[in-house]
Amino acid sequence: MTRRQLLANALVAIALVALFSWLCTSVFALLGKQTDWSKAWEYRETLWRGWLVTLEISFAALIGSIFFGLLFMLGQRSSLIVIRWTCRGFLEFVRDTPLLVHLLFGYFVIFAPLISRRLGEQGFDDKLIIGVLLLSVFEGAYLGEILRGGVESIPRTQWESARAVGFSPFQVYRYVIFPQALRRVLPAMAGLFVSLIKDSSLLNVIGVAEYFYNTRNFISRSYAGLEGYVPLALGYLVLTIPVAWLSHWLEKRFRHET
């Protein structure tokens, strides 16, 4: 990079930082007289518990979505036409309806009648478990399509070569297909996982006391505004930014290995 390019980049960076600082200063100056950050400090334990619940939901749903995504991908590549069309129909249903509908219908129509009070008394959080399951299935449907696209983008010669050396179907996927497919679908997977973390806020509609749920209660009880929304945004950024950074790091690593 030449000295002129370095100077231009530095000037643009300074201008952007100055603009962002001016916007933040203007907003906080305008609302400064109406804010009372002591309210957020009083509810810090409630907000912290909600953030930890969101972290647990995101991690569990991420693992669950990978599991269901692999199942849906393999189901669509099954040699049995019944399994292929069943998976295809279910995926189309999931993709053509919003997550909010799945949460409401899945919890109040399907799972709510099956909830056992006895289990609840023993300490099982049915709402949390059901919410994670529904979120995993929903995001897993999208992940299954992403993985299917990546797998089917691998040239047929790769499959034939792997079979020619005596690889089993599992070994073909494990050592030949998946490593190449993951390089191609990693950006889409990272975007999906970021969306999963943000979509976890919708679990508040079935009563899961996650971060958004507790923040909303804090705002309604204390009549807070900026004091609630700023920590809410920062809390989700703390969860999503590492996922985005990790995906960029993996992209660079796989690119160098290719």
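Since we're looking at a predicted model, the values are computed, not measured.
Between the CZ atom in Phe193 and the CG atom in Leu246 there is a gap of 10.0 Å [rounded to 0.5 Å]. The OG atom of Ser58 lies 7.5 Å from the OH atom of Tyr236; values are rounded to the nearest 0.5 Å. Rounding to the nearest 0.5 angstrom, the gap separating the CD1 atom in Ile110 from the CZ atom in Phe105 is 4.5 Å. To the nearest 0.5 angstrom, Leu182 atom CG is 11.0 Å from Ile177 atom CD1. Within the model, atoms CZ of Phe93 and OG1 of Thr97 stand 4.5 Å from one another, a figure rounded to the nearest 0.5 Å. In this structure, CD1 in Ile66 is found 7.0 Å from CG in Leu143, a value given to the nearest 0.5 Å.
The two residues Ser247 and Ala190 have their closest heavy-atom pair at CB-CB, 3.2 Å.
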Exercise. May I have the step-by-step check of side chain to side chain contact (heavy atoms under 4.5 Å, CB included) for Phe111 and Leu134, ending in yes or no?
Key: CA-CA 10 Å; Phe111 287 104; Leu134 294 172; 3.9 Å; yes

Quiz item: Should Trp48 and Leu52 be marked as a side chain to side chain contact (heavy atoms under 4.5 Å, CB included) after you check the CA-CA gap, both sets of side-chain angles, and the distance that decides it?
Solution: CA-CA 6 Å; Trp48 173 248; Leu52 290 178; 3.4 Å; yes

Quiz item: Are Val208 and Tyr213 close enough, and set up right, to give a side chain to side chain contact (heavy atoms under 4.5 Å, CB included), and what steps lead you there?
Solution: CA-CA 7 Å; Val208 177; Tyr213 181 92; over 6 Å; no

Exercise. Tell me, with the steps shown, if Ile241 and Val238 meet side chain to side chain contact (heavy atoms under 4.5 Å, CB included).
Key: CA-CA 6 Å; Ile241 288 179; Val238 170; over 6 Å; no

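Looking at heavy atoms from C-beta onward, Trp159 lies in side-chain contact with Ile154 at the 4.5 angstrom threshold. Looking at heavy atoms from C-beta onward, Gln76 lies in side-chain contact with Leu91 at the 4.5 angstrom threshold. At least one side-chain heavy atom of Phe90 sits under 4.5 Å from a side-chain heavy atom of Phe72. Side-chain atoms of Arg77 and Tyr173, non-hydrogen and from C-beta on, do get closer than 4.5 Å to each other. Here the side chains of Leu147 and Met189 are in contact, with some heavy-atom distance below 4.5 Å. Between Leu202 and Phe138, every side-chain heavy-atom pair lies at or beyond the 4.5 Å cut-off. At a threshold of 4.5 Å between non-hydrogen side-chain atoms, the residues Arg221 and Tyr43 count as touching. Counting heavy atoms from C-beta on, the side chains of Phe178 and Leu70 come closer than 4.5 Å.
Side-chain atoms of Asn204 come within 3.5 Å of backbone N or O of Ser201 as a donor-acceptor pair. At least one donor-acceptor pair under 3.5 Å links the side chain of Gln171 to the backbone N or O of Ser168. Judged purely by atom type and a 3.5 angstrom limit, Ser161 has no side-chain atom pairing as donor or acceptor with the backbone of Gln158. Remark: the backbone N or O of Tyr142 is not paired with any side-chain donor or acceptor of Arg95 at under 3.5 angstrom.
Neither side chain, Tyr211 nor Arg216, offers a donor N or O lying under 3.5 Å from an acceptor on the other. The closest side-chain donor-acceptor pair between Ser78 and Arg84, if any, does not fall under 3.5 angstrom.
Linking ILVMFWY side-chain heavy atoms closer than 4.5 Å, directly or via other members, places Trp245 and Leu234 in a single hydrophobic cluster. If you chain together hydrophobic residues whose side chains sit under 4.5 Å apart, Ile206 and Val109 fall into the same group. The hydrophobic cluster containing Val101 does not contain Leu104, counting ILVMFWY residues as joined when their side-chain heavy atoms lie under 4.5 angstrom apart, directly or transitively. Note on Ile57: it clusters hydrophobically with Ile63, by side-chain heavy-atom contacts below 4.5 Å among ILVMFWY residues.
Ion pair Glu145/Arg88 flagged as a salt bridge, since at least one NZ, NE, NH1 or NH2 atom sits closer than 4.0 Å to an Asp/Glu carboxylate oxygen. For the pair Glu160 and Arg156, the salt-bridge criterion is not met [side-chain N within less than 4.0 Å of a carboxylate O].
Shown here is Phe108, whose CZ atom has more than 12 heavy atoms of other residues, nucleotides or ligands within 6.0 Å.
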